[in-house]
Amino acid sequence: MNPQVRAVEYAVRGAIVLKAGEIERELQQGIKKPFSEVIKANIGDAHAMGQQPITFLRQVVALCTYPDLLDSPRFPPDAKDRARRILQSCGGQSLGSYSASQGVSCIREDVARYIERRDGGIPADPDNIYLTTGASDGIASILKILVSGEGTARTGVMIPIPQYPLYSAAISELNAVQVNYYLDEEHCWALDVSELRKALYRAKEYSNPKVLCIINPGNPTGQVQSRRCIEEVIHFAWEEGLFLLADEVYQDNVYSEDCQFHSFKKVLHEMGPEYSGTVELASFHSTSKGYMGECGYRGGYMEVLNLHPDIQAQLVKMLSVRLCPPVSGQAAMDVVVNPPKPDEESHQQFIQEKEAVLSSLAHKARLTEELFNQVPGIQCNPLQGAMYAFPRIFIPPRAVEKAEELHTAPDMFYCMRLLEETGICVVPGSGFGQRDGTYHFRTFDGMTRGQSEDVTRGGA
């Protein structure tokens with residue numbers, strides 16, 4: 001089989017999650033354990049952990065899916081108006097038809113208007129918008145068109161460590177060269193451009209670094225980058241001729257009062273035409289995170305700037321091979337970028353639900369940080385944003401020796417014991433990358449208070 005497939009690893013759904021599934025089946029069969037259920041804190045699946053869906057989003061998608069409901073008095077007029085507009089742009093006015101490979105035209109227009117509002121009026125062109133199957137599909141697609149060369153000319157892709165394992169998996173599948181740059185744990189997982197420069201120059205000895213990936217807010221680390229940091233990153237990319245990938249799926253999830261989300265597109269534009277007209281940038285968003293948590297719809301988009309027209313044509317050709325993203329996911333994405341306006345019937349309920357979710361997530365992030373830092377042997381940095389904690393764990397030397405005897409990473413050994421003894425499923429830091437000699441795990445911080453307390457008690 002393809003050796004690159006064998007090289008792919010995806011820790012978020014790796015060995016520990018398979019073990020969790022095995023334990024769940026044993027519980028269902030009546031096999032006694034020290035716990036009654038498995039708490040799956042391994043993945044940011046908000047609805048699976050009890051978050052309620054946004055009513056307006058579900059109403060619009062329901063109306064698009066079953067248009068007979070457009071005659072029902074149970075649905076508000078603004079939801080019906082959006083559903084009709086989406087359906088009119090679908091073949092046969094049906095969500096079951098294929099869309100254009102780049103996505104339904106009116107939804108791409110809505111995405112462009114959303115970006116303009118978010119970024120204070122900076123223009124966005126619908127032709128630069130591509131609807132995707134979640135953000136992951138867009139990231140993999142951009143990497144696919146950028147990877148080339150052989151030997152020391154093979155494309156290098158710079159990724160943060162710790163990283164989201166989608167990146168290392170896609171790099172392995174494409175047989176590209178992974179170029180690690182380390183975030184500074186001692187300074188709240190800050191990104192230091194001097195570290196980028198060191199990583200780049202080292203990588204030039206064995207590859208051709210062409211791509212720089214940024215995750216902001218950070219997954220798994222929960223940091224939010226300052227505007228100054230983003231300016232420095234853009235200048236570095238401009239200086240070195242790097243293609244920037246800005247993973248911004250957690251842009252609604254900023255909890256610290258001292259932090260603010262700045263889009264790479266906005267900062268790039270405000271740095272002037274020398275940068276905004278030359279730096280190639282692809283930025284990504286999704287229905288899966290934020291206040292929506294609609295992971296299952298697989299909705300997302302990417303905006304791609306300064307791509308040469310010939311390369312843009314090749315990108316569209318490549319996307320056409322997969323025909324189109326799920327049209328129901330595109331409809332869900334439309335509600336995210338085109339929510340109820342202040343003068344519409346659903347606005348008040350929508351705002352109440354949105355603010356309730358974000359307030360709850362912020363509270364849970366603070367609670368998670370506080371509880372972890374009360375546990376001896378666990379140290380957690382401030383959770384400024386996103387949906388995860390990535391605490392450092394100090395594993396005793398004897399446990400490290402035992403893990404080595406079993407040919408297992410020490411943090412995998414810790415997480416597996418945690419699962420087997422408490423039913424709590426978290427992901428070892430080795431699946432995300434970490435500095436040698438340090439150990440971590442990632443946990444979803446959108447759990448209920450009881451689940452959060454179970455995780456911290458189990459970690460102790």
**Q** Applying the side-chain contact (heavy atoms from CB on, under 4.5 Å) test to I214, which of I159, L245, L244 qualifies?
**A** L244
**Q** So, does H347 use its side chain to make a donor-acceptor pair with the main chain of P339 at under 3.5 Å?
**A** no
**Q** For F261 and N216, run side chain to side chain contact (heavy atoms under 4.5 Å, CB included): C-alpha distance rounded to whole Å, both residues' side-chain angles, the deciding distance at 0.1 Å, then the answer.
**A** CA-CA 8 Å; F261 171 75; N216 180 49; 4.0 Å; yes
**Q** Judged by modelled atom types alone, do Q163 and S168 share a side-chain donor-acceptor pair under 3.5 Å?
**A** yes
**Q** When you measure from the side chain of N253 to the backbone N and O of G290, does any donor-acceptor pair fall under 3.5 Å?
**A** yes
**Q** Parallel, tilted or perpendicular: which fits the ring planes of H440 and F390, with parallel below 30° and perpendicular above 60°?
**A** parallel
**Q** Could you check whether R442 and N219, counting side-chain N and O atoms only, form a donor-acceptor pair closer than 3.5 Å?
**A** yes
**Q** Quick check against the 3.5 Å criterion: does T287 have a side-chain atom that pairs as donor or acceptor with the backbone of E294?
**A** yes
**Q** What I want to check is whether the side chains of E231 and Y275 have a donor and an acceptor closer together than 3.5 Å.
**A** no
**Q** At what distance, to the nearest 0.5 angstrom, does CE of M158 lie from CD1 of I171?
**A** 11.0 Å
**Q** So does E185 get a backbone contact from the side chain of N381, meaning a donor-acceptor N/O pair under 3.5 Å?
**A** yes
**Q** Looking at CD1 of I129 and CG of D110, how far apart are the two atoms once the value is rounded to the nearest 0.5 Å?
**A** 11.0 Å
**Q** Counting only N and O atoms by type, is there a donor-acceptor contact under 3.5 Å from the side chain of E369 to the main-chain atoms of L383?
**A** yes
**Q** Over 60° means perpendicular and under 30° means parallel, so tell me whether Y164 and Y167 are parallel, tilted or perpendicular.
**A** perpendicular
**Q** Would a distance-only check, ignoring hydrogens and angles, find a side-chain to backbone donor-acceptor pair under 3.5 Å from E116 to A124?
**A** yes
**Q** Determine the interplanar angle of the F350 and F56 rings, folded into 0 to 90°, and report it as parallel if under 30°, tilted if 30 to 60°, perpendicular if over 60°.
**A** perpendicular
**Q** Look only at the side chain of R298 and the backbone of P325, and say whether a donor-acceptor pair between them is shorter than 3.5 Å.
**A** no
**Q** Could you tell me whether the side chain of Q349 and the main chain of T55 form a donor-acceptor pair under 3.5 Å?
**A** no
**Q** Keeping S101 on the side-chain end and C324 on the backbone end, is there a donor-acceptor pair under 3.5 Å?
**A** no
